[in-house]
Protein chains: 2
Amino acid sequence: MPNPPLGPSLESLYPNFENLPPGQRRILSAALELFAEKGYAATSTGAIAKSAGVAEGLIFKHFRSKKELLLQLARPLLLEVFFPLSLRRIQAIMAQKHPHLKNLLEALLRERLAFVKQHHRLLRLVIQEIWLHPELLQSLQEQFETQLRPDIETQLKHFQTQAQIREMPFGTALRLILSALMGLIIPRVLLFPDWPWQEEAEIQATLQTLIQGLAPEAQP
Amino acid sequence: MPNPPLGPSLESLYPNFENLPPGQRRILSAALELFAEKGYAATSTGAIAKSAGVAEGLIFKHFRSKKELLLQLARPLLLEVFFPLSLRRIQAIMAQKHPHLKNLLEALLRERLAFVKQHHRLLRLVIQEIWLHPELLQSLQEQFETQLRPDIETQLKHFQTQAQIREMPFGTALRLILSALMGLIIPRVLLFPDWPWQEEAEIQATLQTLIQGLAPEAQP
DNA sequence: TAAATTAGTGAGTAATCACTCACCCAAGGG
DNA sequence: CCCTTGGGTGAGTGATTACTCACTAATTTA
């Protein structure tokens with residue numbers, strides 16, 4: 001199946017989305033779709049209202065400005081998009097004492113790939129707008145530092161003592177892992193979703209490369 | 001030096017930039033700066049004209065529309081930004097019979113990092129707008145297929161016969177290499193230019209990971 | 001039950017948008 | 001010496017923009 005399926009995004013991700021008034025829900029959904037497709041700046045509030053089937057004024061009853069609509073859309077979801085370790089499924093895997101780094105990375109990559117296929121609009125929106133709205137990048141950093149860094153750091157240290165990852169700073173290891181994962185996810189889902197991807201082979205090649213790459217240097 | 005220097009971008013990249021009428025040059029420079037900073041859609045032609053110190057009407061003397069200004073800015077530069085192998089300096093390195101993959105990748109990474117530090121506005125512009133203007137992505141693909149693919153493919157095959165890269169499809173190897181390079185360049189130059197980067201260590205870690213990762217599997 | 005709060009409407013507004021047009025000026029060419 | 005051509009000007013245009021406001025209607029609170 002070459003095309004990522006278009007699924008409802010917000011219901012399963014936005015905190016207590018179902019308890020919001022229906023108008024606000026329709027606005028958020030329509031805004032996500034239009035922002036992702038045409039970009040924030042090129043999407044008018046009139047178009048959002050029309051697509052949501054509500055009066056334009058209602059947008060400004062629920063959100064003080066168009067920009068706040070963007071931030072309220074993106075902020076609660078940033079963590080979910082970029083830091084999969086916050087997911088319960090992955091935490092469950094990490095709770096086990098995994099013998100091999102490969103098992104963790106494979107679960108991570110497969111889970112993230114499926115997640116992004118389902119919520120590709122959201123990833124698109126974030127990747128498009130993070131360069132233009134420094135608040136987004138900053139809140140992403142804050143959430144990471146406070147909520148995720150400790151967990152990931154101990155996990156990586158564990159693999160380092162097991163000599164599955166060679167000695168290197170935490171930030172470096174994180175960067176190498178994330179760029180390998182994103183290097184598959186972004187072209188697969190966002191840039192060239194219609195290519196005839198050999199997805200399983202790409203997953204295996206990515207994991208193999210990452211694991212060999214992170215391993216300690218072979219002693220001659 | 002944590003901050004990437006802001007250098008003149010177009011003089012050295014745009015084909016026969018110096019022969020263009022001065023008004024057009026000022027417009028292109030101002031548009032590049034503003035598009036990269038605020039995004040294409042959020043930049044008005046009035047702001048471009050003001051920043052360039054020309055009348056707004058002059059923009060439409062030289063470019064049929066605002067969008068064509070964007071395309072004329074981006075298209076001739078896409079290849080330079082994303083496909084460093086077109087550069088003479090790198091071609092010179094490739095002309096030698098390199099004994100080791102590492103020499104090529106190291107030259108590539110260092111050259112690209114320096115290039116992007118100098119032209120970070122341009123990379124920013126392309127990364128921001130490529131999601132919203134399919135023409136950009138398409139012309140990028142075309143240029144790659146016709147001009148670069150053959151060279152790179154033979155070069156990679158050469159490394160495969162030397163057993164420095166294990167057996168894998170061309171597209172896969174290219175993707176793995178590009179994501180490793182971009183995974184250093186993008187955070188270093190665009191996302192967190194002000195961090196206290198240990199740049200030399202990051203370069204070495206990236207190369208080491210990539211070379212180990214691409215190598216044939218160790219036989220037990 | 002009166003009052004206040006909340007969801008939702010849709011016409012209205014001042015500002016801004018991309019783009020046009022009539023015009024100026026200088027340099028060549030016949 | 002006229003006349004075309006091309007770089008450059010800046011006021012003007014209709015459309016679009018984000019946002020406001022006076023107004024229902026229904027539900028909650030006192």
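A, B, ... follow the sequence lines: proteins, then strands. Residue 1 opens every chain.
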Judged by atom type as modelled, is there a donor-acceptor pair below 3.5 Å linking the side chain of B:Trp195 to the main-chain atoms of B:Pro187?
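Checking the backbone N and O of B:Pro187 against the side chain of B:Trp195, no donor-acceptor pair under 3.5 Å is found.
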Between D:dG8, D:dT9, C:dT9, which one does the side chain of A:Val54 approach most closely?
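Looking only at side-chain atoms, A:Val54 lies closest to C:dT9.
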Rounding to a whole Å, what distance do you find between [X]:[atom1] and [N]:[atom2]?
X	N	atom1	atom2	result
B:Lys66	C:dC17	NZ	C1'	9 Å
B:Leu28	D:dG7	CG	P	13 Å
A:Leu58	D:dC19	CG	C1'	14 Å
B:Ile59	D:dG6	CD1	P	20 Å
A:Phe60	D:dT17	CZ	P	12 Å
A:Phe63	C:dG8	CZ	C1'	14 Å
B:Tyr40	C:dC17	OH	P	13 Å
A:Glu56	D:dC21	CD	P	15 Å

From A:Leu13 atom CG to A:Leu122 atom CG, the distance as rounded to the nearest 0.5 Å
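The CG atom of A:Leu122 is 6.5 Å from CG of A:Leu13, to the nearest 0.5 Å.
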Students often get this wrong, so: under 4.0 angstrom with heavy atoms, is [X] touching a base, only sugar-phosphate, or nothing?
X	result
B:Lys61	base
A:Thr45	base
A:Gly57	base

Taking for each residue the nucleotide of DNA chain D bearing the nearest heavy atom, is the 5' side occupied by A:Gly46 or by B:Pro22?
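The answer here is B:Pro22.
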Verify the contact: side-chain N or O of B:His62 to OP1 or OP2 of D:dG6, cut-off strictly under 4.0 Å; return yes or no.
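No.
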Would you say C:dC17 has OP1 or OP2 under 4.0 Å from some side-chain N or O of B:Ser44?
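Yes, because at least one side-chain N or O of B:Ser44 sits under 4.0 Å from OP1 or OP2 of C:dC17.
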Should we count CD of B:Glu135 as having more than 12 external heavy atoms under 6.0 Å?
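Enclosed: over 12 neighbouring heavy atoms sit under 6.0 Å from CD of B:Glu135.
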Give a yes-or-no answer on whether the side chains of B:Gln204 and B:Glu200 include a donor-acceptor pair shorter than 3.5 Å.
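Yes, because at least one side-chain N or O of B:Gln204 sits under 3.5 Å from a partner of the opposite role on B:Glu200.
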Does the structure place the NZ or CZ of B:Lys66 under 6.0 Å from the centre of the six-membered ring of B:Tyr40, at an angle of no more than 45° from the ring's axis?
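The answer is yes, since B:Lys66 meets both limits relative to B:Tyr40.
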